[in-house]
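Have a look at the structure below, then the notes.
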There are 2 protein chains.
Amino acid sequence: MDAALRADLVARGMAPDCAETIELVRDVLARVGDKWTVLVVTTLASGPIRFTALHERIPGISQRMLSHTLHALRRDGLITRTAYAEVPPRVEYALTPLGRSLAAAVDHLVRWTQTHQADIARNRQDYDDDK
Amino acid sequence: MDAALRADLVARGMAPDCAETIELVRDVLARVGDKWTVLVVTTLASGPIRFTALHERIPGISQRMLSHTLHALRRDGLITRTAYAEVPPRVEYALTPLGRSLAAAVDHLVRWTQTHQADIARNRQDYDDDK
DNA sequence: CAGGATCCAGTCCGATACTG
DNA sequence: CAGTATCGGACTGGATCCTG
């Protein structure tokens, strides 16, 4: 993906595995930071849930984005998808142990945000006032 | 910003402050998850540094993106910008206490990524092979 | 030296419509 | 029910040029 940056970093004397880590970290943070992932993961944290139920529990998300987000999470092994051969069809999504582990790590950052949200809001206010 | 989602969430019975928190968390995560923030912050963690030095230490970043990233970080009060009235001009950027605090929180997630990167890589491999 | 302004390509995401 | 396909607008990020 960003092989060019990695090559640059390595060329400048950075250890290759460190450079690769930067790529991966950015990748994981980008996933976690995207518009819907956190909401989907926190909703899944309550237990297995079906596509439509998930859709209803997350107001504002489109089917397309829910589908995309679930695909991305599944690709990384953070959630599982279980389809039951029934009529009408039933599909359940659930966090994997890895997914729960990430959710816990994210929770750390979520709590940081809650703790400091007033600071950030005030900083923005001050900054915008100055301009 | 996403007032619509917040309104939706509140309408569905979610506590207003919780709905606002989701917005802010997503906001902070999006900032942290963008392409250059983590590299800029970790570079700043070594101590105050000038614009050009920062530019050289982060291979691949454009002036435009460095400038944008610094603005965003400054707006949230995560870094400071100090201009010295000299010729040639000198400007130094440094983390604020809040910035260092966020860096520590992010570090948690970075370590999670390092710990589990092999798992994720394997999951992706397996997933892509299946297709 | 430290950026701001402009242009452009690629990507993201929502709305809508359709299917096994 | 659980999605996929397609389209169009908004946004992102890089290259380049310009300035106090």
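These values consider heavy atoms only, across backbone and side chains, with no hydrogens, waters or symmetry-generated copies. Per chain, numbering begins at 1; letters A, B, ... match sequence-line order.
- Considering only residues two or more places apart in sequence or on other chains, A:D76 meets the salt bridge (Lys or Arg N to Asp or Glu O under 4.0 Å) condition with A:R31, B:R124.
- Summarising the geometry, the separation between CG on A:L66 and P on D:dA5 is reported as 16 Å, rounded to the nearest angstrom.
- Remark: B:R81 pairs with no residue by the salt bridge (Lys or Arg N to Asp or Glu O under 4.0 Å) rule, at least two apart or across chains.
- The distance from atom CD1 of B:I61 to atom C1' of D:dA15 is 14 Å, rounded to the nearest whole Å.
- The nearest whole Å value for the distance from the CZ atom in A:R50 to the P atom in D:dC1 is 7 Å.
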Result block: side-chain N/O donor-acceptor pairs under 3.5 angstrom for residues 59-69 of chain B, not counting sequence neighbours:
| residue | atom | partner | partner atom | Å |
| --- | --- | --- | --- | --- |
| B:S62 | OG | B:M65 | N | 3.2 |
| B:T69 | OG1 | B:M65 | O | 2.7 |

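- Counting to the nearest Å, the P atom of D:dG14 and the CD1 atom of B:I58 are 12 Å from each other.
- Think of the region where chain B sits on DNA chain C: with heavy atoms and a 4.0 Å cut, that region ends 5' and 3' at C:dC1 to C:dT6.
- Remark: A:P89 pairs with no residue by the side chain to side chain contact (heavy atoms under 4.5 Å, CB included) rule, at least two apart or across chains.
- Atom CZ of A:R26 and atom C1' of D:dT12 are 13 Å apart (whole Å).
- Of the residues near DNA chain D, B:M65 and A:S67, the one whose nearest nucleotide (by heavy atom distance) lies more toward the 5' end is A:S67.
- Taken residue by residue, residues 74-96 of chain A places heavy atoms nearer than 4.0 Å to DNA chain D at A:R81, A:P88, A:P89, A:R90, A:V91, A:Y93.
- Atom CG of A:L70 is separated from atom C1' of D:dG3 by 10 Å (rounded to the nearest Å).
- Atom NE2 of B:H68 and atom C1' of D:dG13 are 9 Å apart (whole Å).
- Axis angle across the helix from C:dC1-D:dG20 to C:dG20-D:dC1, with five pairs used at each end and values rounded to 10°: 50°.
- Annotation: salt bridge (Lys or Arg N to Asp or Glu O under 4.0 Å) contacts of B:R50 (sequence neighbours excluded): none.
- Judged as a side chain to side chain contact (heavy atoms under 4.5 Å, CB included), and not counting sequence neighbours, the contacts of B:A94 are B:P48, B:T80.
- Salt bridge B:R26/A:D34: absent, no basic N to carboxylate O contact under 4.0 Å.
- Comparing D:dC1, D:dA5, D:dG13 by their nearest atom to the side chain of A:T52 picks out D:dC1.
- Every residue meeting the ring pair (Phe, Tyr, Trp, His ring centres under 6.0 Å) condition with B:H116, not counting sequence neighbours, appears here in chain and number order: B:W112.
- A salt bridge links B:D107 and B:R111; the closest N-O separation between the charged side-chain nitrogens and carboxylate oxygens is under 4.0 Å.
- Among residue pairs with one or both ends in residues 73-109 of chain A, those qualifying as ring-ring contact (aromatic ring centres under 6.0 Å, His included) are A:H108-B:H108; sequence neighbours excluded.
- With sequence neighbours excluded, no residue forms a salt bridge (Lys or Arg N to Asp or Glu O under 4.0 Å) with B:R74.
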